[in-house]
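Atoms considered below: every heavy atom in the structure, side chains included; atoms not considered: hydrogens, waters and symmetry mates. In this chain, residues are counted from 1 in sequence order. In listed order, ligands and their atoms are each counted from 1.
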Amino acid sequence: RLRVLSGIQPTADSFHLGNYCGALRNWVDMQDTHDAFYFIADLHAITIDHDPKLLIQRRRVAAAQLLAIGVDPQKSTLFVQSQVSAHPMLSWVLECHTGFGEAARMTQFKDKSAKNERTTVGLFTYPVLQAADILLYDAEAVPVGEDQRQHLELVRDLAHRFNTSYGQTFVTPNAHIVKATGVIHDLADPTKKMSKSGSSPQGIIDLLDESNRIRKKIKSAVTDTGREIAYDTELKPGVSNLLTIYATLSGTSIVELEERYEGKGYGDFKKDLAEVVADFCAPIAQRTREYLDDPATLDKILLGGAEKANTVASATLSRVYDRVGFGEPV
Ligand code: AQP
């Protein structure tokens, strides 16, 4: 089986619909066809200001949510990044093979450093740690949203560079980005992506949002001029975004939805979508609460995952240490 790997940061109280449609949905699908490794990226989470008490809580909620959406610990290895020490160790080696200018070109760093008062070196080297995350597991496929495409290109370049200098060491990974759902947009400003840090509360739907809150947000989502429910990302970015969400969560095609709502206005469409999203999120919130009520099971899953991840990651790190002239890690 080919290996798949992906991670998500525990930087908010809940994952949002963009995370789900862009990435997490594919995590769940791919665990049936791949040898899957999924992790909670807490090392990445401290690249911006953070509160330690909140981080440890959010890590638990993140794990519970991943299980609630269908990540199955019988099929996938689910772990916390900071519990596998090979990640920062490989990251250092890769940092020493990354050009400063190359790292400085990353648009996510430019965006986030412009938004944050305090820009850390960690935020700058974030994509290199991400390269370590992926390369440690010989991952062939990395399911992510469109915003990660540039980082994945860097990972491929680093793998190729290292292999060329030291001999075949890393598998070169491919980004697995589903075009139709690669970017879910902000409901209040469909020109922007839905994002934990960048969206207003009206712009983002959290998987753990309460049903009435979800209904209100969908009903107040920005739509476009005209009345027609049609998919056109240029002329109707708001409606197109809502159609994408509707299609993804209901399993109905966009063409079918366009036919269903022909001659009907935005009101009917949004009313139905509000129910679809509320019905989708409610059981996830319920299952998340159940997992959180059983911390022993949660810890057991994460520790088991970390053990398995450590075995794979430390074998790769040994290979790398040997190649660069460090000998075996102790
Ligand atoms: N709007 C989105 N549409 C599609 N995919 C998305 N992803 C994030 N936003 C969207 C994908 O979700 C995965 C996990 O993301 P992350 O939390 O680790 O980091 P991120 O990409 O930085 O997510 P956010 O919400 O945008 O957080 P902030 O605001 O902190 O930057 C990734 O695969 C990502 O592509």
Any pair with a residue in residues 199-241 that passes ring pair (Phe, Tyr, Trp, His ring centres under 6.0 Å), sequence neighbours left out, goes on the list, sorted by first then second residue, please. none
Flag, side chain of N116 to backbone of K112, donor-acceptor distance under 3.5 Å: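 Checked: pair present.
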Under a heavy-atom criterion of less than 4.0 Å, does G182 contact ligand 1? yes
Is there a heavy atom in H16 that sits closer than 4.0 Å to ligand 1?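 In this structure, H16 qualifies as a contact of ligand 1 - some heavy atom is under 4.0 Å.
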Within the 4.0 Å heavy-atom cut-off, what I8 brings close to ligand 1 is both
Show which atoms of ligand 1 fall inside a sub-4.0 Å distance from at least one heavy-atom site of [X].
X: K112; value: 22 (O), 28 (P), 30 (O), 31 (O)
X: V183; value: 3 (N), 4 (C)
X: G22; value: 4 (C), 5 (N)

Checking a contact table here: which protein heavy atom is nearest atom 26 (O) of ligand 1, and how many Å away?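 For this ligand atom, the closest protein heavy atom is K193 NZ, 2.6 Å.
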For atom 16 (P) of ligand 1, what is the closest protein heavy atom, and at what distance to 0.1 Å?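 Of the protein heavy atoms, K196 NZ, 3.6 Å lies nearest.
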Could you tell me whether [X] and [Y] have a side-chain N and a carboxylate O separated by less than 4.0 Å?
X: D186; Y: K193; value: no
X: E290; Y: R287; value: no
X: K236; Y: D232; value: no

Checking heavy-atom distances from atom 35 (O) of ligand 1 to each of N19, L24, D147, the winner is D147
